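Below is one structure; the comments refer to it alone.
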Amino acid sequence: MALDSFDVKQMKLLLALLEEGNLTRVANKLDVSQQAVSEQLKKLRITFNDKLFVRAKNGVLPTPFAEQLGLVLREVLGQLEHVGTPQAFDPATASNSFTIAASDYAQQVLLVDLVKILKSEAPHLRLTIKSLATNDLERALAQGQFDLCLCDAALAPTGLASVSLLHEQYVCVTSKRNPATRPGTDNSPLLNRPPVIVSEPQDRFARVCEQWFQGINNGHQPPLLVPSVSLAPAYIAANDGVALLPSRLLPDDRLQKLPADNLPDGFELVAVWHDRASHAPLHQWLLAHLQGIAAHKTHQPLSASA
């Protein structure tokens, strides 16, 4: 059976013949000529190797095969129409799966709050959060490894759709227990303490921080490299080190701000996705919430130490 040329219009014509049983009425219903109906019927007979309809007193009668085919076509067309009709998105009942790849910073500043929203507004949504650890974001998004990426704008491929979420700046901090910050202490807490540097995969944060500490000649102290910004405060407190941190990670009860000049430029956090997902209701809904969360995340630098 050759179905290569069997299209939706022919499905509708065959169903109309089953309903009307008359070529003239079918032509009027489909707004085509009776000759066009006859020609399509000839093609259908060849396709299915069956007469499909035979002449009767007031029109045509279907063969048993045509009646069986009609049952199948009604179901197929019904499913096609259902798929082609945009469905209203209801987060309360949505049970979709959605995967976000994000830097440790983005997870801490944005995604924790997003999870709180999903708990109340979309309790059945299956959200997967992955660490940002790929050199080819464009390929990963195109292949569906994740649906959305939150990253430094400098890492975002130019060929992908994106939106800016926030602009971040750095602050210099140390442990609140750092003895070098006590009044009357001669040693500079900035120049004589080991730097703590976040070295997260696929992030330029470590390079920026290392260059800055080298530029101020930080007493040639060997740096302590840690794997994430979320762990950095604990390590800073543990060795009374100094560090540069994004300001939105503050305040933190373990840390205090140090005055510092010529801090490096901050960075822009963006949401990135493949264009094929742009009009998906779930994507739009989640992105709107992320933008709302980011809008309320203002810079919160600590007060400088006395």
Side-chain angles (χ1 to χ4, degrees), residues 87-134 137 140-141 143-153 155-156 160-169 171 198-203 205 226-236 245-255 266-274 276-302:
Q87 302 296 308
F89 177 70
D90 181 6
T93 59
S95 58
N96 312 56
S97 295
F98 199 88
T99 301
I100 301 177
S103 64
D104 185 58
Y105 166 81
Q107 291 182 45
Q108 188 167 345
V109 173
L110 298 180
L111 294 189
V112 171
D113 287 343
L114 179 66
V115 168
K116 294 176 182 177
I117 292 173
L118 296 184
K119 181 180 178 181
S120 60
E121 296 187 20
H124 306 293
L125 181 68
R126 181 183 176 87
L127 178 65
T128 300
I129 299 172
K130 295 183 177 181
S131 297
L132 185 61
T134 176
L137 293 180
L141 286 163
Q143 292 180 345
Q145 295 179 30
F146 38 84
D147 303 295
L148 190 66
C149 172
L150 307 183
C151 66
D152 186 330
L155 299 177
L160 293 176
S162 66
V163 65
S164 176
L165 294 175
L166 54 84
H167 289 80
E168 183 59 283
Q169 63 187 24
V171 290
V198 176
S199 182
E200 189 176 358
Q202 309 308 320
D203 200 332
F205 187 34
V226 300
S228 67
V229 292
S230 59
L231 291 172
Y235 287 113
I236 296 168
L245 290 182
S247 69
R248 286 176 176 83
L249 297 179
L250 306 173
D252 187 297
D253 292 339
R254 296 164 290 186
L255 306 178
F267 60 90
E268 180 184 12
L269 184 71
V270 297
V272 185
W273 65 92
H274 196 277
R276 62 187 174 83
S278 293
H279 301 292
L282 174 58
H283 170 88
Q284 295 176 340
W285 184 79
L286 286 171
L287 188 59
H289 272 302
L290 285 169
Q291 290 175 296
I293 295 168
H296 289 87
K297 293 286 183 176
T298 57
H299 295 288
Q300 297 181 352
L302 295 170

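Computed from a prediction, not measured in an experiment: that's the story for all the values here. Numbers here simply count residues along the sequence, with the first being 1.
The heavy-atom pair separating Glu168 from Ser247 by the smallest distance is OE1-OG, 2.6 Å. Here the shortest heavy-atom pairing between Val272 and Ala156 reads CG2-CB, 3.7 Å. Contact detail for Phe205 and Val229: the closest heavy-atom pair is CE2-CG1, 3.7 Å. Across all non-hydrogen atoms, the minimal contact from Glu121 to His289 is OE1-NE2, 3.2 Å. Here the shortest heavy-atom pairing between Ser103 and Leu132 reads N-CB, 3.9 Å. Across all non-hydrogen atoms, the minimal contact from Val198 to Ser228 is CG1-C, 3.7 Å.
Applying the side chain to side chain contact (heavy atoms under 4.5 Å, CB included) test to Asp253 and every residue at least two apart in sequence or in another chain returns nothing. Here Glu268 pairs with Ser164 under the side chain to side chain donor-acceptor pair (under 3.5 Å) rule; sequence neighbours left out. Residues passing the salt bridge (charged side-chain N to carboxylate O under 4.0 Å, His left out) test with Arg126: none are found, sequence neighbours excluded. Residues satisfying the side chain to side chain donor-acceptor pair (under 3.5 Å) criterion with Asp113, sequence neighbours excluded, are Lys297. Judged as a ring-ring contact (aromatic ring centres under 6.0 Å, His included), and not counting sequence neighbours, the contacts of Trp273 are His283. The side chain to side chain contact (heavy atoms under 4.5 Å, CB included) search around Thr99 returns Thr128, Lys130, Phe146, Asp147, not counting sequence neighbours. For His274, there are no ring-ring contact (aromatic ring centres under 6.0 Å, His included) partners at least two apart in sequence or on another chain. Residues that satisfy the side chain to side chain contact (heavy atoms under 4.5 Å, CB included) test with Gln284, not counting sequence neighbours, are His279. Val112 is linked by a side chain to side chain contact (heavy atoms under 4.5 Å, CB included) to Lys116, counting only residues two or more places apart in sequence or in another chain.
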Practice problem: Show your reasoning for whether side chain to side chain contact (heavy atoms under 4.5 Å, CB included) applies to His124 and Asn96. | Solution: CA-CA 8 Å; His124 306 293; Asn96 312 56; over 6 Å; no
Practice problem: Please assess Tyr105 against Phe267 for the test side chain to side chain contact (heavy atoms under 4.5 Å, CB included), listing each intermediate value before the final yes or no. | Solution: CA-CA 12 Å; Tyr105 166 81; Phe267 60 90; 3.8 Å; yes
Quiz item: Could you go step by step and tell me if Leu114 and Ile293 meet the side chain to side chain contact (heavy atoms under 4.5 Å, CB included) rule?
Solution: CA-CA 8 Å; Leu114 179 66; Ile293 295 168; 4.0 Å; yes
Exercise. Begin from the C-alpha positions of Gln107 and Ser230 and carry the test side chain to side chain contact (heavy atoms under 4.5 Å, CB included) through to its verdict.
Key: CA-CA 9 Å; Gln107 291 182 45; Ser230 59; over 6 Å; no
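At a threshold of 4.5 Å between non-hydrogen side-chain atoms, the residues Leu255 and Leu245 count as touching. Gln108 places a side-chain heavy atom less than 4.5 Å from the side chain of Leu249.
Residue pairs meeting the salt bridge (Lys or Arg N to Asp or Glu O under 4.0 Å) criterion with at least one member in residues 96-107, sequence neighbours excluded, do not occur.
The line from CD1 of Ile129 to CG of Leu111 is 5.0 Å long, rounded to the nearest 0.5 Å. Between the CD1 atom of Ile100 and the CG atom of Leu148 there is a distance of 5.5 Å, given to the nearest 0.5 Å. With values rounded to the nearest 0.5 angstrom, Ser97 atom OG is found 7.5 Å from Leu125 atom CG. Atom CG of Leu165 and atom CG of Leu287 lie 7.0 Å apart (nearest 0.5 Å).
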